[in-house]
Asker: 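Got a structure for you, written out below as structure tokens; questions coming shortly.
The chains referred to below are lettered A, B, ... by the order of the sequence lines, with proteins before strands, and numbering in each begins at 1.
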There are 2 protein chains.
Amino acid sequence: MVTIKDVAKHAGVALSTASYALSGSDKVSPKTRELVLQAAKELNYQKNGFAMDLKRKSTKTILLILSDLSGPYYSELIRGTQEVTLSNGFDLIACSSVGGADSTAYKFLQERRVDGAIVLDPNISEHLLRESAREGCPIVVMDRYVEGDFIMNVAADNVQGGYEATRYLIGQGHRDIAWIGGPSNSLGSQHRKEGYLKALQEEGIVNTKWMLVGNFTEEGGYHSTKVMLMQEERPTAIFYGNDEMAIGGYKALREFGLSVPEDVSIVGFDDIQVAEYLSPPLTTVRQPKYEMGTMAAHLVFQAMGGEYVNKSYKLKIELIERLSCQPPRLAPNRGKGMET
Amino acid sequence: MVTIKDVAKHAGVALSTASYALSGSDKVSPKTRELVLQAAKELNYQKNGFAMDLKRKSTKTILLILSDLSGPYYSELIRGTQEVTLSNGFDLIACSSVGGADSTAYKFLQERRVDGAIVLDPNISEHLLRESAREGCPIVVMDRYVEGDFIMNVAADNVQGGYEATRYLIGQGHRDIAWIGGPSNSLGSQHRKEGYLKALQEEGIVNTKWMLVGNFTEEGGYHSTKVMLMQEERPTAIFYGNDEMAIGGYKALREFGLSVPEDVSIVGFDDIQVAEYLSPPLTTVRQPKYEMGTMAAHLVFQAMGGEYVNKSYKLKIELIERLSCQPPRLAPNRGKGMET
DNA sequence: AAAACAAATCGAAACGTTTCGATAAATTTC
DNA sequence: GAAATTTATCGAAACGTTTCGATTTGTTTT
């Protein structure tokens with residue numbers, strides 16, 4: 001392995017001079033710089049980044065931790081963080097928490113390999129976050145709430161989202177509105193449900209029949225929907241915890257011979273790419289993912305600069321009306337399917 | 001910043017003993033290990049990963065370079081590489097080439113920050129690849145062909161894919177089959193076209209009218225399709241370079257009052273997630289993305305182990321029949337729209 | 001031509017680990 | 001209970017950089 005030492009020797013200069021030349025300092029004369037660069041090229045010298053970081057005590061990289069490097073959900077968010085990170089002259093790398101305590105995420109956080117992190121991943125424990133966040137490595141946590149020094153939070157206003165979606169359905173005349181939510185460890189899902197309940201409550205609607213949970217996957221939505229449809233009474237509308245579950249719902253409804261939106265209206269959450277191509281196109285709640293991404297990255301850099309920043313941000317969401325909802329066919333069957 | 005030195009002092013042992021204790025060596029007695037661990041906890045010690053890598057001369061990390069960290073295309077592929085990487089006890093991090101020569105990808109490759117790389121990104125120059133690949137850092141390049149020491153190639157058999165898709169259309173009775181391809185710097189697109197031409201040629205069909213290029217985006221497919229539809233004569237089928245372009249095509253056709261597949265049959269390429277939800281569901285060519293991902297990762301590890309491996313792999317593709325194709329409405333208008 | 005100054009180069013000390021070989025302590029063997 | 005052996009701890013060197021302060025070289029001023 002050829003090191004800077006070899007380059008220096010080959011160029012006939014001191015190691016330190018070679019270092020200056022290679023890093024483009026103006027302390028070195030043009031001709032020796034040329035000499036060193038030439039030597040480096042001849043020996044095919046490649047600098048060792050770690051040695052550099054070790055000395056410099058900073059890595060100029062931000063880590064983005066996702067629960068699942070794949071997944072349709074993240075695209076826009078990644079784009080946002082990437083743009084901001086790059087324009088600050090930093091690098092962005094992404095990894096997932098797959099593998100638990102042996103995961104890449106743990107390694108990078110614990111071993112101080114980055115200068116900051118953005119975490120969108122319920123699997124990373126609060127403990128690890130608090131332990132890893134520090135001067136020189138601020139952490140932004142998305143879609144959940146974690147308190148601690150050098151920890152900031154960014155989330156969509158899920159309560160508002162749940163509320164608006166439900167009000168929208170109520171506005172169309174629905175009163176029998178089901179909720180099929182995500183896993184209970186998801187704070188986002190909980191908040192959406194909270195907004196949903198708030199809207200129902202305002203209208204004096206009480207629903208104890210149609211509240212199920214799934215696991216944020218198509219599969220989960222499919223099964224929960226089926227379970228619900230096997231009951232005697234059916235809602236006129238279903239509000240899903242996310243779009244992927246709604247897709248599963250479409251499938252289950254079709255199998256039961258029910259059509260969307262004639263028999264049942266559907267609202268999803270997230271506005272993933274597929275949503276607009278479904279048939280019918282899915283009415284859903286869009287999270288400002290790009291903005292969340294840029295916001296998170298900005299916060300990291302502000303915190304690095306030592307600026308005081310608000311610890312917690314909530315971004316507004318937006319209801320996207322498509323064709324999966326319409327007023328219920330019959331006059332709302334008040335009193336049926338509801339209990340006090 | 002608390003270092004292992006501080007821990008050692010606090011525990012009243014030598015620096016080296018502390019190191020052994022922390023890394024779980026059995027050279028150290030249980031009670032001193034406890035002592036050191038306790039001290040580390042009290043001081044909130046976090047190890048510095050770089051110093052470790054520097055000494056150990058390996059990072060146990062594989063880098064995945066994508067042209068665009070986001071994008072629907074990659075999900076499965078990432079999943080494949082991730083599984084293999086993890087099960088080999090290595091870490092996987094992903095980054096993009098956004099930013100050109102200042103990009104994260106360049107930095108990680110050039111500065112020897114990883115033990116191997118998988119590259120699916122036309123923007124990374126062959127020069128950089130050859131320069132970076134070396135003993136101790138093999139590189140697998142996907143969807144293109146790069147020769148060099150410690151460089152291997154994995155790709156779907158795009159020629160076969162283009163050929164089968166076209167034969168499928170021909171089998172349904174189509175003879176006026178258009179090609180709307182991706183950018184010319186994409187080897188994949190070129191190969192698909194090659195397969196397409198081969199199939200046409202076997203039937204003695206010559207098409208000079210309906211061959212356009214786009215840029216692999218929905219936008220690109222939309223525009224190219226519009227341009228084509230403004231011509232006097234129209235094909236009875238269109239074969240798109242990828243699914244996203246086909247989606248754009250759907251849109252353009254709709255605007256022209258043409259319906260799929262009644263007026264025009266459509267075949268895409270890639271089988272992205274959306275494909276099956278389009279209306280009509282898109283017939284397309286599936287690349288074995290998961291398999292490509294696992295294959296790439298396996299190759300990296302084999303090369304690390306010094307095993308001799310074939311330099312180049314081609315994986316079989318598969319035609320996914322959905323509802324976007326049917327035999328042309330009229331008897332094939334032989335001779336029309338074709339020239340010799 | 002000596003003195004004063006600036007520019008270019010050098011040597012050596014860090015950065016925080018791991019690990020080798022040497023020493024000290026504890027255990028076993030005769 | 002001394003010698004031989006094992007076990008536990010230690011000191012120091014190394015990994016490949018950057019960077020400070022010192023030295024040398026070259027240029028200007030008197």
Asker: When you match B:L54 and B:K27 each to their closest nucleotide on DNA chain C, which lands nearer the 5' end?
Answerer: B:L54
Asker: Kindly say if A:K47 contacts the phosphate of D:dT18, meaning a side-chain N or O under 4.0 Å from OP1 or OP2.
Answerer: yes
Asker: Got a salt bridge between B:D91 and A:K107, using NZ or NE/NH1/NH2 to carboxylate O under 4.0 Å?
Answerer: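 Salt bridge between B:D91 and A:K107, a charged N being under 4.0 Å from a carboxylate O: yes.
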Asker: Answer with yes or no whether the side chains of B:H298 and B:Q302 bring together a donor and an acceptor at under 3.5 Å.
Answerer: no
Asker: So does B:T3 get a side-chain nitrogen or oxygen closer than 4.0 Å to the phosphate oxygens (OP1/OP2) of C:dC15?
Answerer: no
Asker: Can you check the A:L22 CG to D:dT17 P distance for me, whole Å?
Answerer: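 After rounding, the reported distance stands at 9 Å.
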Asker: Counting any heavy atom closer than 4.0 Å, what does A:S23 reach on the DNA or RNA strands: base, sugar-phosphate only, or nothing?
Answerer: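 The residue A:S23 makes no contact with any strand.
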Asker: OP1 or OP2 of C:dA8 versus the side-chain N and O atoms of A:T17: is any pair under 4.0 Å?
Answerer: no
Asker: What integer distance in Å separates A:M1:CE from D:dG16:P?
Answerer: 6 Å
Asker: Would you say A:S29 reaches C:dA7's phosphate, i.e. side-chain N/O to OP1/OP2 under 4.0 Å?
Answerer: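 The answer is no; no side-chain N or O of A:S29 sits under 4.0 Å from OP1 or OP2.
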Asker: Is any side-chain N or O of B:K55 closer than 4.0 Å to OP1 or OP2 of D:dG16?
Answerer: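 Negative; the distance criterion is not met.
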Asker: Please determine whether a side-chain nitrogen or oxygen atom of B:Y20 lies at a distance below 4.0 Å from atom OP1 or OP2 of D:dG11.
Answerer: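 No.
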Asker: Report yes or no: does A:R56 contribute a side-chain atom to a donor-acceptor pair with the main-chain N or O of A:A51 at less than 3.5 Å?
Answerer: no
Asker: Can a donor-acceptor pair be found, under 3.5 Å and without considering hydrogens, that links the side chain of B:N88 to the backbone of B:F90?
Answerer: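 Side chain of B:N88 to backbone of B:F90: no pair is present.
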Asker: How long is the line joining NZ of B:K57 and C1' of D:dG16, in whole Å?
Answerer: 9 Å
Asker: Is the phosphate of D:dT18, meaning OP1 or OP2, less than 4.0 Å from a side-chain N or O of A:S16?
Answerer: no
Asker: Tell me: CG of A:D53 to P of C:dT17, nearest whole Å?
Answerer: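 After rounding, the reported distance stands at 14 Å.
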